[in-house]
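Notes to accompany the following structure.
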Number of protein chains: 2
Amino acid sequence: MVIDTRIRIIDAAERLFAEHGVEQTSMRAITRAAEVNVAAVHYHFGAREDLLRAVLDRTVSPLNERRLALLDQAIDAADDDPPSVRSILAAFIRPDIEAIEGLRDRGVEIAQFLGRVYAAPAPTVERIMGAQFHAVSARFLKELGRSLPQVAHDDITYALRIVVGVLVAFFANATPRGRRGDLDTTDVDVTVERLLDFLVPGFVALPTRPGQRQLVGRRKRPPP
Amino acid sequence: MVIDTRIRIIDAAERLFAEHGVEQTSMRAITRAAEVNVAAVHYHFGAREDLLRAVLDRTVSPLNERRLALLDQAIDAADDDPPSVRSILAAFIRPDIEAIEGLRDRGVEIAQFLGRVYAAPAPTVERIMGAQFHAVSARFLKELGRSLPQVAHDDITYALRIVVGVLVAFFANATPRGRRGDLDTTDVDVTVERLLDFLVPGFVALPTRPGQRQLVGRRKRPPP
DNA sequence: GTCTATAACGGGATAGAC
DNA sequence: GTCTATCCCGTTATAGAC
C-alpha cells in the first residue's frame, strides 16, 4: 500500500464535497484527485452513497458528539441550576467554529460544506444524517426549555432554527483561509463570543408567558 | 399556441428549481413537467443558463426591487432623521416573506428555493445574480451605517450577513403549505415582526466605538 | 413553432485480468 | 487490492423534417 488508498479517497472526497457540494462531485472527480482508479472506490466503499456516509461519519458526526459533550460540561458547571442560555448556545456553536480552523490544516474548507449540509441537505445527506441532527437538536431544545421556562416550546424551536441559519450564513460566506480579511475565524474564542453577542439578545427577547420572570424588552405583535 | 409554451416552461422550471435545486434539475425534467418538447426550450431561451436567467429575472429580481422600494419608503417616513434599524431590516426581509405567501398560489415553494440561492448559490446563479445581490446589500449597508454611526462598518456587514442567515434558516425550514403547523407564515406582518424581534436586539448589542451614544448591554471580548 | 433523431459527452457500476 | 475495459444510463445541444 502506498499510503492507504482508503484514506486518500476519503480525504479527496471530503475536500471536493466541501468545495463543490455533494451532488456536484462525481466519483470520477474524486478518484482523479485521490490519484486512484475509479474501481477502487467501489472496492473499498461500495456505492457512492456509502463513500458519502464514510465522509460524513468522519467529518460531521464528531461535531455533533462534541456538541453534546460541551452541553454536558455546561450543565455540570452550573451545578443544580439550569445553565445559562449563553453557555448552551456556546456548546452548540463552538464545535463548528473549531472545525473551520482545525480542518484548514487538511486543506478542507469545511465551512461551505457545513453551510450546504445544514441549509439544504441533499436527499442523500438527509438520509444519512437526518436522525443524528434530530437527536442533537432535541437534546438542546430540552435544555434550552429548562433555562427558559417562561418561553413557549415553539418559540424556542424557532429560535434554535435561527441559530442554525446564522451558522449557515456564517459558513457560506467564510472566505477560504480568511482571504479578504472578511470573516476572521482564526481565534475561535473571539468568533464564538461574537456570534453569541448577537444571538443571545434574540433569545432574551423571546416572548414570555403570563407568569413572566424573564426580562425586559417585550415585543409587540402588530394589530390584527 | 396552447397557452404559450414559453410561460409554461418558465413555470415548470421555477417549480422544479425550487423543489430540487437549480443544479439538480435537468432540462428534460423541466420539459416533461411543462409537457413540452426538449427542443422547445432551446428555441425559446437558448442554453440552459439562459432559461435560468429568465426564471431568476421573474422570481428573484422583483424581490430585490421591492427591498429597495421599501427602504426608500422607510427613509421618507423618517423625514430627515435616519430611519430606525428596525424599519431598515423590515424592508430587507419583508419581500421574501411576502413571496412565500404569494407564490403558494402558483404552487411554487419558493422558500426552499430562496434558501438555497441565498445560502450556497450555485456558480450559475452566482454569475447571474451576483452583481444584483451585491448592489442591494451595499445600499442597505450604507443606510444601516447612517442609523448606527457608532458601530464599525465591519460589524454591520457581519450583522447583515447574519440577517441573511436568519432568512435562510427560515426558508429552509418553512414547510410546504404550512404542513406540520411548523413555521406559519400565513400572516406576513406577524412573521416579519417575529423575525425583527429576534434580530434587532442583536444589532443593538453590536459593539460601539469610543464616543458611544448607542445603548446598554455591552459585550466583552474574551481575554487575548 | 414544434417535433424526431442523433451527436457528443460524462456519469455510476461491474466483470474479469493481473 | 488494483487495474482496464465496458455496459448502460441520462445529460445538453443541434440538425433537419414537418
Side-chain angles (χ1 to χ4, degrees), chain A residues 1-58 113 116 120-129, chain B residues 1-58 113 116 120-129:
Chain A
M1 69 192 162
V2 194
I3 282 204
D4 195 337
T5 305
R6 202 188 146 83
I7 303 274
R8 290 235 311 284
I9 293 172
I10 295 190
D11 284 345
E14 177 186 53
R15 194 164 52 75
L16 290 173
F17 285 160
E19 203 168 336
H20 305 295
V22 170
E23 316 287 280
Q24 299 310 306
T25 303
S26 69
M27 310 212 19
R28 303 182 113 87
I30 294 168
T31 52
R32 258 196 308 269
E35 293 180 300
V36 164
N37 190 275
V38 211
V41 54
H42 285 106
Y43 173 80
H44 283 287
F45 299 93
R48 186 180 183 277
E49 182 160 335
D50 298 315
L51 168 58
L52 174 59
R53 178 172 286 110
V55 173
L56 292 173
D57 272 354
R58 196 186 73 175
F113 187 27
R116 275 189 266 253
T124 51
V125 175
E126 179 67 43
R127 267 197 299 280
I128 296 170
M129 300 297 298
Chain B
M1 69 191 162
V2 195
I3 283 203
D4 195 337
T5 306
R6 202 188 146 84
I7 304 273
R8 290 235 309 285
I9 293 172
I10 296 189
D11 284 345
E14 178 186 51
R15 195 164 52 75
L16 290 173
F17 285 159
E19 202 168 338
H20 305 295
V22 169
E23 314 288 280
Q24 298 312 306
T25 303
S26 69
M27 309 214 14
R28 303 183 108 86
I30 294 168
T31 52
R32 260 195 307 270
E35 294 179 298
V36 163
N37 191 274
V38 212
V41 54
H42 285 106
Y43 172 79
H44 284 286
F45 299 93
R48 186 180 184 280
E49 182 160 335
D50 298 314
L51 168 59
L52 174 58
R53 179 172 286 110
V55 172
L56 292 173
D57 273 354
R58 197 185 73 175
F113 187 28
R116 275 189 266 251
T124 50
V125 175
E126 179 67 43
R127 267 198 298 280
I128 296 171
M129 300 297 296

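Computed from heavy atoms alone, side chains included, the values below leave out hydrogens, waters and symmetry copies. To find a chain, count down the sequence lines: A is the first, B the second, and so on, and within it residues start at 1.
Between the P atom of dG12(C) and the CZ atom of F45(A) lies a distance of 15 Å, rounded to the nearest Å. Rounded to whole Å, the distance from CG on L51(B) to C1' on dT11(D) is 15 Å. Computed from coordinates, the L52(B) CG to dA13(D) P distance equals 12 Å when rounded to whole Å. dT14(C) atom P lies 16 Å from atom NE2 of H44(A), rounded to whole Å. Rounded to an integer number of Å, the gap from E49(A) CD to dG11(C) C1' is 16 Å. Put simply, CG on L16(A) is 12 Å from P on dG11(C), counting in whole angstrom units. Taking atom CD1 of I7(A) as the reference point, atom P of dG1(D) lies 12 Å away to the nearest angstrom. Distance CE (M27(A)) to C1' (dC3(D)): 15 Å, rounded to an integer number of Å.
Under the 4.5 Å side-chain criterion, counting only non-hydrogen atoms from C-beta, V36(B) is not in contact with V41(B). Using a 4.5 Å heavy-atom threshold, the side chains of I30(B) and F17(B) count as touching. Taking the side chain as every heavy atom from C-beta outward, P123(A) and E23(A) approach each other to under 4.5 Å.
Of the inter-residue distances, the one linking I10(B) atom CD1 with L56(B) atom CG reads 10.5 Å to the nearest 0.5 angstrom. Rounding to the nearest 0.5 angstrom, the gap separating the CZ atom in R6(A) from the CG atom in D11(A) is 11.5 Å. Within the model, atoms CE of M129(A) and CZ of R53(A) stand 10.5 Å from one another, a figure rounded to the nearest 0.5 Å. Here the straight-line distance linking atom CG of N37(A) with atom CZ of R28(A) works out to 9.5 Å at 0.5 Å rounding.
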Trace of the side-chain contact (heavy atoms from CB on, under 4.5 Å) decision for I128(A) with E49(A): CA-CA 9 Å; I128(A) 296 170; E49(A) 182 160 335; 3.9 Å; yes

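Residue T5(B) places at least one side-chain N or O closer than 4.0 Å to OP1 or OP2 of dT2(C). Distances shorter than 4.0 Å separate some side-chain N or O of S26(B) from OP1 or OP2 on dT11(D).
Comparing the local axis fitted to the first five base pairs of the helix from dG1(C)-dC18(D) to dC18(C)-dG1(D) with the one fitted to its last five gives a bend of 10°, rounded to 10°.
Within residues 28-43 of chain A, the residues having any heavy atom under 4.0 Å from DNA chain D are, by residue number, N37(A), A39(A), Y43(A).
Of the N and O atoms on the side chains of T25(A) and E19(A), not one donor lies less than 3.5 Å from an acceptor on the other residue.
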